[in-house]
Asks: 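Shown below is the structure under consideration.
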Amino acid sequence: MQETKKKFYVTTPIYYINDVPHIGHAYTTIGADVLARFKRMDGWDVFFLTGTDEHGQKIEKAAKERGLTPQQLTDQIVVRFQEAWKKLGITYSRFIRTTEISHKRAAQMFFEKVFKNQFIYKGHYEGWYCLPDEKFLLPSEVINEKCPDCGRPVERLKEENYFFSMSKFQNALTQYLEEHPEFVQPLSRKNELVNNFIKPGLTDVCITRSSVQWGIAAPVPEKSILYVWFDALINYLSGIGWPDDLETFHRYWPADVHLIGKDILRFHATLWPAMLLAAEIPLPKKVFGTGFITMNGQKMSKSLGNVIDPLAIADQYSPDALRYFLLREIPFGVDGDFSMESFQLRFNGDLANDLGNLIHRSLSMLERYFDGVIPENPNPSPAETELKTLATQYATQARLQIEEMAFPAILTLIWTLVKRANKYIEDSAPWKVAADSAQRARLQTILYTLMEVLRVVALALAPFMPFTAESIWSQLGFSDSIFNHGLEETEEWAKIPSGQKISKKNPLFPRIDRS
RNA sequence: GGCGGGGUAGCUCAGUUGGUUAGAGCAUUCGGCUCAUACCCGAAGUGUCGGCGGUUCGAGUCCGCCCCCCGCUACCA
């Protein structure tokens with residue numbers, strides 16, 4: 001039964017949709033998808049949650065600028081996210097929107113629970129306020145006591161609000177971080193967080209706003225809404241059924257990993273665990289902060305006009321080429337750079353020359369020498385055994401690396417096999433063997449071995465490059481989806497059926513002419 | 001300022017608990033091959049491992065000081 005399978009719950013941030021998806025969103029989501037696909041293929045019961053954060057002042061403002069209601073705006077933009085994820089092959093289990101009724105109810109119930117546990121109290125929130133714009137401003141936004149939007153003078157304003165007693169969790173949080181060194185990753189960010197944020201002392205957080213309209217009503221007598229972060233973080237619970245479907249909730253919670261951008265690590269590593277402690281809910285196992293992606297070494301920004309549209313790259317080349325580049329080029333957890341130069345080098349070098357050409361040349365020979373029918377596998381020699389060993393050992397190493405989110409390392413592993421296979425062709429020279437009819441059996445072994453390598457490569461590649469893997473699979477003559485198959489099949493050899501007819505297609509990755 | 005991360009071949013980076021001639025990929029040059037997407041295979045390299053000093057039989061790897069780059073430093077998703 002399902003119950004015997006180990007569960008794996010992975011989340012992305014819920015993206016703030018005051019604008020369309022950019023490459024940073026895509027990067028984190030692709031990483032989560034790889035984890036989900038890998039675990040699924042390795043026999044785990046996976047729940048993969050992503051979605052959108054649709055409340056707050058910025059949405060309110062963006063909607064106003066376009067002459068829409070906030071709900072109309074989010075209804076429009078959410079489609080862009082969902083279409084983007086479809087195009088990039090993202091296999092989420094559920095897409096949550098914070099404007100859904102079930103989420104709103106969850107957020108309110110969470111508030112009530114924490115309130116009941118006496119970690120929420122009434123207090124005063126004081127800050128800069130722009131009267132004409134009717135909005136609170138951050139200290140960093142206010143220059144010379146002027147509003148950054150309208151330029152008019154701002155004033156100090158006091159608002160009665162509700163506060164969450166985060167300071168009470170200082171010790172519990174510190175202790176948790178010490179006892180669970182793997183909780184916040186990468187390690188460098190954990191150090192930053194502990195030294196700069198937690199050690200100096202946590203302060204209470206104002207979790208209601210009476211000046212903002214667009215949000216979830218706080219379950220209090222006064223008219224006010226929940227602070228967006230308090231609202232947003234709860235999606236990780238409501239997304240798997242809390243509090244209505246507790247069976248599903250208990251099946252998947254606690255989350256195995258919250259994948260997030262480094263900019264929001266702090267909320268996930270302090271506010272979120274504190275909230276959960278206050279609500280007496282177990283903490284997630286891991287919070288992993290990814291880096292930022294720069295463009296030609298520069299920070300991406302609309303004003304610089306260097307924002308990369310991930311969908312344009314996916315359209316022009318292929319979704320898998322984008323996935324490959326991001327996963328291979330950038331160690332997960334540090335900042336990385338995107339440039340057409342490096343993208344094209346990866347594309348031509350790794351995808352066209354190494355992988356694409358291996359597939360194409362192998363299938364071409366099979367068509368030429370065996371009319372596209374996979375032969376028997378008589379008398380493998382040590383050369384074949386070496387390839388077999390390399391291929392069948394992949395899964396063991398990959399399982400270790402995936403725990404560390406070491407995507408580049410796993411792809412390097414796969415490419416070791418690809419390169420080894422290219423060398424094997426060179427060494428065994430099937431075109432020479434084919435010229436001698438007495439060596440027919442030898443030729444069969446060589447081609448059979450190549451088909452086996454391609455089978456393993458396709459399976460290994462599937463979590464990372466799903467479209468490519470599926471294509472290799474069908475080109476090898478399989479009629480079902482590769483995703484009906486598991487990682488353990490890479491640990492077996494001589495599995496591709498002799499007599500199966502392949503169906504070669506055009507090269508998967510045509511070289512980019514860079515002249 | 002404080003805290004954290006990093007400075008290794010032209011470029012991007014690996015380098016486990018200190019140990020024999022410091023590695024990979026890309027780019028470059030030369031050679032081979034022709035099944036294949038002007039592709040693939042092989043060979044050649046180049047390095048004061050940021051600087052100085054110390055510990056040690058022995059340090060890229062440990063300690064101290066200095067220089068440079070990057071990140072974080074509270075209610076902003």
Side-chain angles (χ1 to χ4, degrees), chain A residues 13-19 24-25 52-59 98 125 127 136-141 163-164 166 186-207 209 227-233 260-268 270-271 289 291-292 328-331 333-337 341-342 345-346 348-369 408-409 412 415-416 419 421-434 446-447 450 504 506-513:
Chain A
I14 44 173
Y15 302 108
Y16 201 63
I17 53 171
N18 58 341
D19 207 353
H25 299 130
T52 44
D53 181 7
E54 311 193 349
H55 291 132
Q57 261 184 21
K58 279 191 182 174
I59 305 265
T98 54
Y125 176 79
F136 274 94
L137 299 163
L138 301 171
S140 57
E141 288 180 317
F163 283 74
F164 170 56
M166 186 154 79
L187 198 60
S188 60
R189 303 220 180 280
K190 178 191 169 182
N191 293 334
E192 286 180 352
L193 184 90
V194 171
N195 292 330
N196 299 325
F197 195 76
I198 298 177
K199 273 188 188 166
L202 295 172
T203 61
D204 293 348
V205 183
C206 176
I207 54 168
R209 296 292 136 95
Y227 170 47
V228 284
W229 270 112
F230 196 85
D231 156 1
L233 288 164
I260 52 171
K262 65 175 183 178
D263 52 337
I264 56 174
L265 184 72
R266 196 205 303 139
F267 296 97
H268 285 78
T270 56
L271 178 58
F292 281 163
R328 174 64 217 268
E329 183 84 0
I330 305 164
V334 306
D335 292 347
D337 188 57
E341 168 89 20
S342 52
L345 282 172
R346 283 283 175 206
N348 280 348
D350 297 355
L351 300 181
N353 296 349
D354 291 342
L355 176 65
N357 187 47
L358 172 67
I359 296 163
H360 195 242
R361 70 196 297 208
S362 301
L363 297 180
S364 291
M365 284 189 282
L366 194 79
E367 283 195 331
R368 178 180 300 223
Y369 303 135
T412 302
W415 254 256
T416 303
K419 283 164 183 273
N422 272 324
K423 183 172 160 50
Y424 168 73
I425 296 178
E426 203 66 26
D427 294 344
S428 55
W431 52 92
K432 281 183 188 162
V433 178
I446 294 170
L447 268 299
L450 284 172
K504 179 167 89 81
N506 289 330
L508 280 166
F509 302 100
R511 273 181 73 86
I512 302 167
D513 186 3

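In the text below, chain A, chain B and the rest are named by the order of the sequence lines, each starting its count at 1.
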Asks: Quick check on RNA chain B: between A/Lys58 and A/Gly356, whose nearest nucleotide comes earlier from the 5' end?
Replies: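 Closest to the 5' end, via its nearest nucleotide, is A/Gly356.
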Asks: Please classify the nucleic acid contact of A/Tyr227 as base, sugar-phosphate, or nothing, using heavy-atom distances under 4.0 Å.
Replies: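 Contact class for A/Tyr227: sugar-phosphate only.
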Asks: Once you round to the nearest 0.5 Å, how far does CG of A/Leu233 lie from NE2 of A/His268?
Replies: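 It is 5.0 Å, given to the nearest 0.5 Å.
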Asks: Measure from the side-chain N and O atoms of A/Thr98 to the backbone N and O of A/Glu54, and report whether any donor-acceptor pair falls under 3.5 Å.
Replies: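 Flag set: sc A/Thr98 to bb A/Glu54 pair under 3.5 Å.
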Asks: Please give the distance between the P atoms of B/A38 and B/C52 as a whole number of Å.
Replies: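 Looking at atom P only, B/A38 and B/C52 are 50 Å apart.
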Asks: Tell me the interatomic distance from A/Phe509, atom CZ, to B/C39, atom P, rounded to whole angstroms.
Replies: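 A/Phe509 atom CZ is separated from B/C39 atom P by 17 Å.
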Asks: From A/Arg346 CZ over to A/Ile512 CD1, what is the distance, rounded to the nearest 0.5 angstrom?
Replies: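 Rounded to the nearest 0.5 Å, the CZ-CD1 separation comes out at 13.0 Å.
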Asks: Figure out the NZ/P separation between A/Lys432 and B/C41, and round it to whole Å.
Replies: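 Taking atom P of B/C41 as the reference, NZ of A/Lys432 is at 16 Å.
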Asks: To the nearest 0.5 Å, what is the distance between CG (A/Leu363) and CG (A/Leu447)?
Replies: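 One gets 9.5 Å once the value is rounded to the nearest 0.5 Å.
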Asks: Is the distance from OP1 or OP2 of B/U37 to the nearest side-chain N or O of A/Asn506 less than 4.0 Å?
Replies: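 It does not, given that no N or O in the side chain of A/Asn506 lies less than 4.0 Å from OP1 or OP2 of B/U37.
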Asks: Could you check how far CG of A/Asn353 sits from C1' of B/G25, rounded to whole Å?
Replies: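 After rounding, the gap between these two atoms is 13 Å.
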Asks: Can you check the A/Leu345 CG to B/G10 C1' distance for me, whole Å?
Replies: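 Atom CG in A/Leu345 sits about 14 Å away from atom C1' in B/G10.
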Asks: What's the gap between B/A9 and B/C49 when it is taken at their C1' atoms, as a whole Å value?
Replies: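 Per the computed distance, 10 Å lies between those C1' atoms.
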Asks: Please measure how far the P atom in B/U21 lies from the corresponding atom in B/U34, and state the result in whole Å.
Replies: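 The answer is 41 Å between these two P atoms.
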Asks: Need one value for A/Pro430: base, sugar-phosphate or nothing, where a base atom within 4.0 Å counts as base even if backbone is also close, heavy atoms only.
Replies: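 It contacts nothing in the nucleic acid.
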Asks: Would you say the side-chain atoms of A/Asp53 pair up with the backbone N or O of A/Tyr15, donor to acceptor, closer than 3.5 Å?
Replies: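 Checked: no pair found.
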Asks: Rounded to the nearest 0.5 Å, what's the gap from CZ on A/Phe292 to CG on A/Asp263? Could you check?
Replies: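 These two atoms lie 3.5 Å from each other.
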Asks: Report yes if at least one side-chain N or O of A/Arg511 is closer than 4.0 Å to OP1 or OP2 of B/C39; otherwise report no.
Replies: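 Checking A/Arg511 against B/C39: at least one side-chain N or O falls below 4.0 Å of OP1 or OP2.
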Asks: Can you tell me if A/Tyr16 uses its side chain to pair, donor with acceptor, with the backbone of A/His55 under 3.5 Å?
Replies: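 Indeed, once roles are kept as given, a pair shorter than 3.5 Å links the two residues.
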Asks: Expressed in angstrom and rounded to an integer, what is the separation of A/Ile425 atom CD1 from B/G32 atom C1'?
Replies: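 Going from CD1 in A/Ile425 over to C1' in B/G32 covers 16 Å.
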Asks: Rounded to whole Å, how long is the line connecting atom CG of A/Asn348 with atom P of B/U37?
Replies: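 After rounding, the reported distance stands at 15 Å.
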Asks: Answer yes or no: does a side-chain N or O of A/Lys504 lie under 4.0 Å from OP1 or OP2 of B/C35?
Replies: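 Looking at the OP1 and OP2 atoms of B/C35, neither is under 4.0 Å from any side-chain N or O of A/Lys504.
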Asks: Which distance, rounded to the nearest 0.5 Å, do you find between the CD1 of A/Ile330 and the CG of A/Asp337?
Replies: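 One finds 8.0 Å between CD1 of A/Ile330 and CG of A/Asp337.
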Asks: Tabulate atom names and distances for all N/O pairs under 3.5 angstrom spanning the protein and nucleotides 69-74 of chain B.
Replies:
residue: B/G71; atom: O2'; partner: A/Glu192; partner atom: OE2; Å: 3.3
residue: B/G71; atom: N3; partner: A/Glu192; partner atom: OE2; Å: 3.1
residue: B/C72; atom: O4'; partner: A/Glu192; partner atom: OE1; Å: 3.2
residue: B/C72; atom: O2'; partner: A/Asn196; partner atom: ND2; Å: 3.4
residue: B/C72; atom: O2; partner: A/Asn196; partner atom: ND2; Å: 2.6
residue: B/U73; atom: OP1; partner: A/Arg266; partner atom: NH2; Å: 2.5
residue: B/A74; atom: N6; partner: A/Gly201; partner atom: O; Å: 2.2
residue: B/A74; atom: N1; partner: A/Gly201; partner atom: O; Å: 2.5
residue: B/A74; atom: N1; partner: A/Thr203; partner atom: N; Å: 3.1

Asks: With C1' as the reference atom in both, quote the distance from B/C39 to B/U46 in angstrom, rounded to an integer.
Replies: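 It works out to 28 Å between them.
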Asks: Taking the P atom of each, how far is B/G51 from B/C67, in whole Å?
Replies: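 After rounding to an integer number of Å, I get 15 Å for this pair.
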Asks: Across the strands shown, which category fits A/Ala232 at heavy-atom distances under 4.0 angstrom: base, sugar-phosphate, nothing?
Replies: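 Contact class for A/Ala232: none.
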Asks: Between atom NZ of A/Lys423 and atom CG of A/Leu358, what is the distance when rounded to the nearest 0.5 Å?
Replies: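 Reported value, rounded in 0.5 Å steps: 14.5 Å.
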Asks: With sugar-phosphate meaning primed atoms plus P, OP1 and OP2, does A/Asp427 contact a base, only sugar-phosphate, or nothing at under 4.0 Å between heavy atoms?
Replies: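 Nothing, no nucleic acid heavy atom in range.
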Asks: Roughly how far apart, to the nearest Å, are B/G6 and B/G45 at atom C1'?
Replies: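 Comparing C1' positions in B/G6 and B/G45 gives a spacing of 28 Å.
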Asks: Using a heavy-atom cut-off of under 4.0 Å over every strand shown, decide if A/Asn422 touches base, sugar-phosphate, or nothing.
Replies: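 Touches sugar-phosphate only.
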Asks: What residue among A/Ile425, A/Asn357, A/Asn422 forms side chain to side chain contact (heavy atoms under 4.5 Å, CB included) with A/Ser362?
Replies: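 Filter result, single survivor: A/Ile425.
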Asks: What's A/Pro510 touching, base or sugar-phosphate or nothing? Going by heavy atoms closer than 4.0 Å.
Replies: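 A/Pro510: base contact, heavy atoms under 4.0 Å.
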Asks: Would you kindly give the CD-to-C1' distance between A/Glu426 and B/G31, to the nearest whole Å?
Replies: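 Taking atom C1' of B/G31 as the reference, CD of A/Glu426 is at 13 Å.
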Asks: Using the P atom on both, measure B/G25 against B/C72 and round to a whole Å.
Replies: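 After rounding to an integer number of Å, I get 34 Å for this pair.
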Asks: Could you work out which one of B/C41, B/C75, B/C35 sits closest to the side chain of A/Lys423?
Replies: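 Closest nucleotide among those given: B/C41.
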Asks: Show, in sequence, the C-alpha distance, side-chain angles and deciding distance for A/Arg328 and A/Thr412, and conclude whether the side-chain contact (heavy atoms from CB on, under 4.5 Å) test is met.
Replies: CA-CA 8 Å; A/Arg328 174 64 217 268; A/Thr412 302; 3.4 Å; yes
Asks: Taking ring pair (Phe, Tyr, Trp, His ring centres under 6.0 Å) as the definition, give me every residue that meets it alongside A/Tyr424, ordered by chain and number, with sequence neighbours left out.
Replies: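 Listed in chain order: nothing, the list is empty.
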Asks: Find the distance A/Met365:CE to B/C35:C1' and express it as a whole number of Å.
Replies: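 Atom CE in A/Met365 sits about 4 Å away from atom C1' in B/C35.
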Asks: Taking only the P atom of each, what is the distance from B/G18 to B/C62 in whole angstrom?
Replies: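 B/G18 and B/C62 have their P atoms separated by 8 Å.
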Asks: Taking the minimum atom-to-atom distance to the side chain of A/Tyr369, which one of B/U37, B/C35, B/C39 wins?
Replies: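 Nearest to the side-chain atoms of A/Tyr369, counting from C-beta on, is B/C35.
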Asks: Between B/U34, B/U37, B/A36, which nucleotide gets closest to the side-chain atoms of A/Arg368?
Replies: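 It is B/A36.
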Asks: Convert the base pairs of RNA chain B into dot-bracket notation, remembering that pairs crossing earlier ones are written with [ ] and that bases paired across to another strand are shown as |; include only Watson-Crick or G-U pairs under 3.5 Å.
Replies: (((((((..((((.....[...)))).(((((.......))))).....(((((..]....))))))))))))....
